[in-house]
Visitor: 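Here you go, one structure.
Since we're looking at a predicted model, the values are computed, not measured. Residue numbers run from 1 in the order of the sequence given.
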Amino acid sequence: MTTIFDAPEDFATTALAGFAAIYQRNVRLVKGGVVRSTKVPKGKVAVVVGGGSGHYPAFAGYVGPGLADAAVAGDVFASPSTAAVARVCRHADQGGGVLLGFGNYAGDVLNFGVAAERLRSEGIDVRILPVTDDVASAPVDSSAKRRGIAGDLVVFKIAGAAAEAGKSLDEVERLARYANDRTFSFGVAFGGCTLPGAAGPLFTVPDGQMALGLGIHGEPGVSEEPIATASDLAKLLTGKLLAERPAGASKAAAVLNGLGSTKYEELFVLWTAVAKELAEACVEVVDPECGEFVTSLDMQGCSLTLLWLNEELEALWRAPADAPVLRKGVIIAAEPATDEIADADGPQSFAPASEASKASGKCIARLIGNIADALKEAEEELGRIDAFAGDGDHGQGMRRGSAAASDAAQTAVAAGAGTASVLAAAGDAWADRAGGTSGAIWGLALRSWSNAFSDEDKASDAATVEGSRLALEGVTRLGRARVGDKTLVDALVPFVETLERESAAGRPLVEAWNAAATAAQEAADATSALTPKLGRARPLAEKSIGHPDAGAVSLALVARVAGAFLKEAVAG
């Protein structure tokens, strides 16, 4: 049980601030993450890692010479926002380019990917590396779909050592990808984890059972078996990994990882059995690590990771590192950084707007306020739906994101912003505060929608319809979801198509919109029969059958609220 906190919403940011205060020798706090507190040579490749909070020492604990240059931290189990990723990368960039490393989760792929696009447009060479080590999350012939779990540590260690050695961005990327291809993990859980402020765990494991193939965001395992002895558990863990041993590989870096509540002594007992199994398989273990490296709040369980080494990778694995979670070899000489970090984003300025556009902006701000109220009321139900095969945080993210969007829209209105600027500001705030997949998608949708409007003209019916298509195109291009994948897109596509069809037939916007909202609701209900093909729920597809997708349900809810708002505006 996660019991020590003040406001649950502030848990992640407060924890990060405390970490930075304790480890000032290693890190400096910036908005949304931490960067190295020591001088970094100009021209060095910056290795920036990140993901949701709740996994300490991942990811902030990886920052230091020989490992990462910076880490981005989202809310608990939620991807950091696009804005946060881009901001931390700008602080870390030394002119040699940036390698962005993260676990292969939909929200991280989306947010880190969009941030990379934004940074490239600014002239920074950015490469992205999703870690895919979890053998339980996809078969070997679909390894690109696998999740990143404790393999994050070894892949980032290889990348960090290569960058510390002064290698080029091309070389750092090549070595990191090669390490990722040769890294495999498998884990088990004996008990679930509890989010700060939650009444109970995200999942439970029956007494006397263990969940196999757990996720590190509170996702249940893919199957359950009776709890095994240390010897039998070692056979299970090593057997899963040895099955994918590369041809001719005889050396491996090994990491036995605790998930948050498993005692170190238990891990030490397990390691003796793991080492025996690996020795019998003629595997030479190089510099093994045992402890907590990628946790899941207070989850009880463990995972085993093997990185199959060649001469090149072995040298990088053994290379010195000096981060809070991992110290290897001699201490790397470093001086404290002396530059000042300008962390405030500053007040946002907006382009001049016409009175007509300002009036439309005020209308949009009122609508977003209504949406925020509705999502706050629906938070518990959306979380309940999400928890069937996800981590149960969808309702929380939607509430936070919409509330931030409402505040940002009101601020923009007060600053004299027009229609396009108000909606864009709302989208950016939604993404930044909500984090995760849903935050990125809603931020993308609203910002894309804003491109149909202007700050010179009032929001027309035609522009509103056009904006829906732009939102859909933005979400599908970067989010990669399609109809049938059991995501928000299953409701968004019929909404947009119905809105366009009804508008083209000459129906007034309010009628066309409400017809589209009905189509979205019907489509959201129909997702109950689907199995997820993207995101955290994919490895637990069978558990989601019979339950609608939370993202599709929330999209339909927002569409209904907007329809009611339009109807009231017309009547008024």
Visitor: Let me see the working for Asp432 and Ser81 under side-chain hydrogen bond (donor to acceptor under 3.5 Å, both in side chains), right down to the final yes or no.
Guide: CA-CA 5 Å; Asp432 203 23; Ser81 69; 2.4 Å; yes
Visitor: For residues Gly151 and Val131, report the shortest heavy-atom separation together with the two atoms involved.
Guide: C-CG1, 4.0 Å
Visitor: Return the minimal non-hydrogen interatomic distance between Val205 and Phe190, and the atom names on each side.
Guide: CB-O, 3.7 Å
Visitor: State, yes or no, whether a side-chain contact exists between Phe102 and Val109 at a heavy-atom distance under 4.5 Å.
Guide: yes
Visitor: So do Leu236 and Leu212 actually touch side chain to side chain, heavy atoms under 4.5 Å?
Guide: yes
Visitor: Would you confirm whether Asp373, through its side chain, and Asn370, through its main-chain N or O, come within 3.5 Å as a donor-acceptor pair?
Guide: no
Visitor: If you round to the nearest 0.5 Å, how far is OG of Ser503 from CD of Glu500?
Guide: 8.0 Å
Visitor: Is the closest basic N to carboxylate O distance between Glu466 and Arg469 below 4.0 Å?
Guide: no
Visitor: Is any side-chain heavy atom of Val493 less than 4.5 Å from a side-chain heavy atom of Leu472?
Guide: yes
Visitor: Do Trp442 and Leu488 have side-chain heavy atoms sitting under 4.5 Å apart?
Guide: yes
Visitor: For Asp133 and Thr183, run side-chain hydrogen bond (donor to acceptor under 3.5 Å, both in side chains): C-alpha distance rounded to whole Å, both residues' side-chain angles, the deciding distance at 0.1 Å, then the answer.
Guide: CA-CA 6 Å; Asp133 60 301; Thr183 299; over 6 Å; no
Visitor: Nearest 0.5 Å please: distance from the CD1 atom of Ile227 over to the CG atom of Asp207.
Guide: 8.5 Å
Visitor: State, with a plain yes or no, whether a side-chain heavy atom of Met398 is found less than 4.5 Å away from one of Glu379.
Guide: no
Visitor: Does a side-chain heavy-atom distance below 4.5 Å link Leu195 with Pro8?
Guide: no
Visitor: Where the side chain of Arg127 meets the backbone of Ala116, is there a donor-acceptor pair that is under 3.5 Å apart?
Guide: no
Visitor: Hey, mind stepping through Val72 and Phe59 against side chain to side chain contact (heavy atoms under 4.5 Å, CB included) and telling me if it holds?
Guide: CA-CA 7 Å; Val72 196; Phe59 295 90; over 6 Å; no
Visitor: Does atom CG of Asp6 have more than 12 heavy-atom neighbours from other groups under 6.0 Å away?
Guide: no
Visitor: Distance check, rounded to the nearest 0.5 Å: Ser460 atom OG versus Phe453 atom CZ?
Guide: 7.0 Å
Visitor: With the threshold set at 4.0 Å, does a side-chain nitrogen-carboxylate oxygen contact exist between Glu9 and Arg399?
Guide: yes
Visitor: Between Ala378 and Leu557, which heavy-atom pair has the shortest distance, and what is it?
Guide: CB-CD2, 3.7 Å
Visitor: Using a 4.5 Å cut-off on heavy atoms from C-beta on, say whether the side chain of Pro226 contacts that of Gln209.
Guide: yes
Visitor: Under the criterion ring pair (Phe, Tyr, Trp, His ring centres under 6.0 Å), I'd like the reasoning laid out for Phe565 against Trp513: C-alpha separation, chi angles, the key distance, then a yes or no.
Guide: CA-CA 11 Å; Phe565 180 86; Trp513 187 287; over 10 Å; no
Visitor: Run the side chain to side chain contact (heavy atoms under 4.5 Å, CB included) test on Glu244 and Val135 for me, step by step, so that the C-alpha distance in whole Å, both residues' side-chain angles and the decisive distance to 0.1 Å come before the verdict.
Guide: CA-CA 9 Å; Glu244 299 192 25; Val135 301; 3.8 Å; yes
Visitor: Establish, from distance only, whether the side-chain atoms of Asp134 and Ser185 form a donor-acceptor pair under 3.5 Å.
Guide: no
Visitor: Rounded at 0.5 Å granularity, tell me how far OG in Ser554 sits from CD1 in Ile441.
Guide: 9.0 Å
Visitor: Please step through side chain to side chain contact (heavy atoms under 4.5 Å, CB included) for the pair Leu99 and Val49, ending with a clear verdict.
Guide: CA-CA 8 Å; Leu99 180 74; Val49 302; over 6 Å; no
Visitor: Between Thr527 and Asp490, does a side-chain hydrogen bond (donor to acceptor under 3.5 Å, both in side chains) hold up when you go through it step by step?
Guide: CA-CA 7 Å; Thr527 62; Asp490 286 292; over 6 Å; no
Visitor: May I ask you to say whether Arg447 pairs ionically with Asp428, meaning some side-chain N is under 4.0 Å from a carboxylate O?
Guide: yes
Visitor: Could you tell me whether a side-chain N or O of Tyr62 sits under 3.5 Å from a main-chain N or O of Phe293, the two making a donor and an acceptor?
Guide: yes
Visitor: Work out which heavy atom in Ala517 is nearest to a heavy atom in Phe495; give both atom names and the distance.
Guide: N-CD1, 3.9 Å
Visitor: Is it the case that the side chain of Thr262 and the backbone of Leu259 share a donor-acceptor pair, with hydrogens and angles ignored and the cut-off at 3.5 Å?
Guide: no
Visitor: Return yes if some donor-acceptor pair links the side-chain N/O of Ser137 with the main-chain N/O of Arg147 below 3.5 Å, else return no.
Guide: yes
Visitor: Counting heavy atoms not belonging to Glu377, are there more than 12 under 6.0 Å from its CD?
Guide: no
Visitor: Under the side chain to side chain contact (heavy atoms under 4.5 Å, CB included) rule, what do Ser528 and His547 come out as? Steps first, then yes or no, please.
Guide: CA-CA 4 Å; Ser528 294; His547 308 288; 5.5 Å; no
Visitor: Using a 6.0 Å cut-off, check whether atom CD of Glu380 has over 12 heavy atoms from anything other than its own residue.
Guide: no
Visitor: Mind checking the CG-NZ spacing from Asn104 to Lys145? Nearest 0.5 Å is all I need.
Guide: 11.0 Å
Visitor: Counting distance only, does the side-chain N/O of Ser360 pair as donor-acceptor with the main-chain N or O of Ala459 below 3.5 Å?
Guide: yes
Visitor: Is Lys486 reaching over with its side chain to a backbone N or O of Leu530, donor-acceptor style, under 3.5 angstrom?
Guide: yes
Visitor: Any salt bridge linking Asp407 with Arg433? Criterion: basic side-chain nitrogen under 4.0 Å from a carboxylate oxygen.
Guide: no
Visitor: For Pro57 and Val325, which heavy atoms make the closest approach, and how far apart are they?
Guide: CG-CG2, 3.2 Å
Visitor: Test your reading of the model: is there a side-chain donor-acceptor pair from Ser53 to the backbone of Val76, 3.5 Å cut-off?
Guide: no
Visitor: What heavy-atom pair brings Ser468 and Leu499 nearest, and what distance separates the two atoms?
Guide: OG-CD2, 3.7 Å
Visitor: Which is it for Asn180 and Thr132 under the side-chain hydrogen bond (donor to acceptor under 3.5 Å, both in side chains) test, yes or no, and what are the steps along the way?
Guide: CA-CA 7 Å; Asn180 182 61; Thr132 55; 3.0 Å; yes
Visitor: Within the structure provided, determine whether Val30 and Val88 are in side-chain contact (heavy-atom separation under 4.5 Å).
Guide: yes
Visitor: With a 3.5 Å distance limit and no angle check, can you tell me whether Thr498 reaches the backbone of Pro494 through a side-chain donor-acceptor pair?
Guide: yes
Visitor: Check for a donor-acceptor pair, side chain of Arg146 on one end and backbone N or O of Ala136 on the other, with a separation under 3.5 Å.
Guide: no
Visitor: Roughly how far, to the nearest 0.5 Å, is CG of Asp298 from OG1 of Thr194?
Guide: 4.5 Å
Visitor: Does Asp75 come within less than 4.0 Å of Arg400, counting only side-chain N to carboxylate O?
Guide: yes
